[in-house]
Number of protein chains: 2
Amino acid sequence: MADIARLAGVSASTVSRSLAGLPPISEETRIRVERAAQQAGYKINRHARSLRLQRSAILLVLIPDLANQNYSDLLKNLDKVAFELGYGLMIGHTGTDLERPDRLADELFTGGIDGILLTSSYCPSRIRDRLENGERLPVVRTLSPTEIHSGIASVQIDETTAAAEVVRHLIANGHRRIAHLEGPPIELVSRLRREGWQRAMAEAGLPAEPGLLHPGGFRLEDGREVARSLLAAGPLPDAIFCANDESAYGLMTELKSAGIRIPQDIAVAGFDDLTFSEVFDPPLTTVRLPRREMAEVSVLYLKRLIEEGAEIEQKLVSHQLIVRRSSGPLER
Amino acid sequence: MADIARLAGVSASTVSRSLAGLPPISEETRIRVERAAQQAGYKINRHARSLRLQRSAILLVLIPDLANQNYSDLLKNLDKVAFELGYGLMIGHTGTDLERPDRLADELFTGGIDGILLTSSYCPSRIRDRLENGERLPVVRTLSPTEIHSGIASVQIDETTAAAEVVRHLIANGHRRIAHLEGPPIELVSRLRREGWQRAMAEAGLPAEPGLLHPGGFRLEDGREVARSLLAAGPLPDAIFCANDESAYGLMTELKSAGIRIPQDIAVAGFDDLTFSEVFDPPLTTVRLPRREMAEVSVLYLKRLIEEGAEIEQKLVSHQLIVRRSSGPLER
DNA sequence: TTGTAAGCGTTATCAT
DNA sequence: ATGATAACGCTTACAA
């Protein structure tokens, strides 16, 4: 910048103002500076700027599993929106390691990042402690739900209602004994979806017996395991509502290889609407999350939290039931 | 830091050295400083540090499509390795926009990032220009291949050989008229895989007629389209080698819904070995990329490029043919 | 072993 | 409209 100043025959502060397009500058100097910068191939130094301004224009996204399309697709949208709003995105892939999110979240206090987007239920302890102390931090959770009144800002769907809709749809197709493959116990979302299943069953006067509830998880293998125990346990239920699409894939694959027909012998539904649910055989009935909208709303909201110190809110966006062949009526 | 210095009753430079663990420091002061930092909840300022050191410890990854599992899975591995080596990862989702990678890559010249990982064939023009000028830049390409002797560092598999192996496997299963669903023309990898197909066909004395070559792409829809044109065109080929798994999914789905059996009526093979290829119906024969290894090697290499100014090399890693049911013999 | 001081590249305040 | 100057928080010669 000093170079540009010399080249244009002005002072460094003039160059700064000029390049920032701030008012008190003559057209003539502006052009001279512009040209000098161009010619010298001038590139502003991010760190000097961030140090001075005390902001980095970088957001951190904490993602538990990038290989899961539910997250990667959200990330794609988050990145797009963030870029449009002038922020860069850092990813922090947390995996199952409970130490990493904490270390990553610390970047909030080093000035390395301006805000955090949480996509799983886990909240880094340093963040949680401060939030519980009533501090207002630039942190927004999306995709994964938050307990209402938990003090953390969020953008989410109504998981319980969505799950209940899936089960109501199965009931409408004539299914009575409807099982549930539950998500991992560590995720709040697992409980909410289970409650949706219970609610819809209760409404219809159907028993949500313990025998219909299968501990599972979100991965292919979890679905496979439940399928095997289903096959070993005697007569199949009429239908099974899986905690997510991926576990449904695993379940269906294992059932099919045992000669079970879907949905003629057992109906299946999932949750997430991954790209492949449409080309699965049979195409999978599921719930579509408004990932694009969730990304838009949450980044915009985080921006407002950072720049204007907005109030903490929990925003609801709407999901959509996608009916496909896997949930059709029985023919056995 | 000044606060800590006051608290511990030493100077700022002593605090800095102490926290960095540099030699000339007395045990006693080290402990006093440590305690003061702890107590004050001291967090170093990233930007001040980066400004002073002229390095950010951040790498940028340019990804064309995060929703494509081939990339998201690589990203997961890259992130893990980078973290272990003390680097953070910024993602730049470039999509089809040709302007974004250029703007993102500029961060290399603002000090915002220390190096770039390229995952598609596209090389930001600013980077390419400098590389062609003989400049040595901390840039490594992986996953997507690079022309040999192109002056850019890379970690890749031998695409042509891998493709040829797939086709040889199909030939070994008795297939003769083997079609190829080609990738998008803009990606170098499309040409290399096609050449592999041509090579294996030529070796076996089989004609790689133009009628067997189908322009396609990497998405589900591309596979669907080729399936429709295949169905419209008369007798099916014996087998088809698809440019990647995703297009193979689309193709198989469309064929199956027309009543075609795989592999009894037509065999199919893909490339990438996505998670779902194993649970697809039928399970898909494909090529597994050593994504974990590619991630390890490329980040380590980039680190050496940054820290030691290593020489530019093009490293080869080995792929693996995964044989599943989709490529079995015909029964028609 | 520790302290002093300069400097990394910006931007904002205050004079001019 | 422009320039001088200080400050952002850290690291590192060099001096003590």
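Lettering of chains follows the sequences in order, A, B, ..., and the numbering in each one begins at 1.
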Test item: B/Arg291 and B/Asn70 side chains (from C-beta on) under 4.5 Å apart, heavy atoms:
yes
Less than 3.5 Å apart, which donor and acceptor atoms pair up between the side chains of residues 31-42 of chain B and the rest of the protein, not counting sequence neighbours?
residue: B/Arg32; atom: NE; partner: B/Ala8; partner atom: O; Å: 2.9
residue: B/Arg32; atom: NH2; partner: B/Ala8; partner atom: O; Å: 3.2

Is any N or O donor-acceptor pair between the side chain of B/Ser13 and the base of C/dT4 shorter than 3.5 Å?
yes
In whole Å, what is the span from the [atom1] atom of [X] to the [atom2] atom of [N]?
X	N	atom1	atom2	value
A/Arg55	C/dA12	CZ	C1'	16 Å
A/Leu19	C/dG9	CG	C1'	13 Å
A/Tyr42	C/dT10	OH	P	3 Å
B/Asn45	C/dG9	CG	P	16 Å
B/Met1	C/dA5	CE	C1'	15 Å

Can you tell me if the side-chain N/O atoms of A/Ser16 get under 4.0 Å from OP1 or OP2 in C/dT11?
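True: A/Ser16 side-chain N/O within range (under 4.0 Å) of C/dT11 OP1/OP2.
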Looking at B/Gln54, does any N or O in its side chain come under 4.0 Å of the phosphate oxygens OP1/OP2 on C/dG9?
yes
Report the C-alpha separation of A/Asp3 and A/Arg6 in whole Å, then their side-chain angles, then the decisive distance to 0.1 Å, and conclude whether the salt bridge (charged side-chain N to carboxylate O under 4.0 Å, His left out) test is met.
CA-CA 5 Å; A/Asp3 300 344; A/Arg6 221 172 300 120; 3.7 Å; yes
Could you check B/Arg17 against B/Ala48 and say which one's nearest nucleotide on DNA chain C is further toward the 5' end?
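On the 5' side of the pair lies B/Arg17.
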Which sits closer to the 5' end of DNA chain C, B/Gly9 or B/Leu51, going by the nucleotide each is nearest to?
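So the residue in question is B/Gly9.
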Quick check for you: name the first and last nucleotides of DNA chain D, 5' to 3', having an atom under 4.0 Å from a heavy atom of chain A.
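From 5' to 3', the first and last contacting nucleotides are D/dA1 to D/dG9.
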Would one find more than 12 heavy atoms of other residues, nucleotides or ligands at under 6.0 Å from atom CD of B/Glu135?
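Yes, CD of B/Glu135 has more than 12 neighbouring heavy atoms, counting only those of other groups under 6.0 Å.
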Regarding A/Arg100 and the six-membered ring of B/Phe83, is the cationic atom NZ or CZ under 6.0 Å from the ring centre and inside 45° of its axis?
yes
Nearest nucleotide by nearest heavy atom, which residue falls closer to the 5' end of DNA chain D, B/Ala12 or A/Arg30?
A/Arg30
Between B/Val140 and B/Ser298, does a side chain to side chain contact (heavy atoms under 4.5 Å, CB included) hold up when you go through it step by step?
CA-CA 7 Å; B/Val140 172; B/Ser298 51; 3.9 Å; yes
Any idea which of C/dA12, C/dT10, C/dC8 is nearest the A/Leu53 side chain?
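It is C/dA12.
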B/Arg52 side chain: which of C/dG3, C/dT10, C/dA6 is closest?
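My answer, after comparing the listed nucleotides, is C/dA6.
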For B/Lys43 and A/Glu107: C-alpha separation, side-chain torsions, deciding distance, then whether salt bridge (charged side-chain N to carboxylate O under 4.0 Å, His left out) applies.
CA-CA 9 Å; B/Lys43 290 276 144 38; A/Glu107 286 293 308; over 6 Å; no
Could you tell me whether A/Thr29 contacts a base, only the sugar-phosphate backbone, or nothing, with contacts defined as non-hydrogen atoms closer than 4.0 Å?
sugar-phosphate
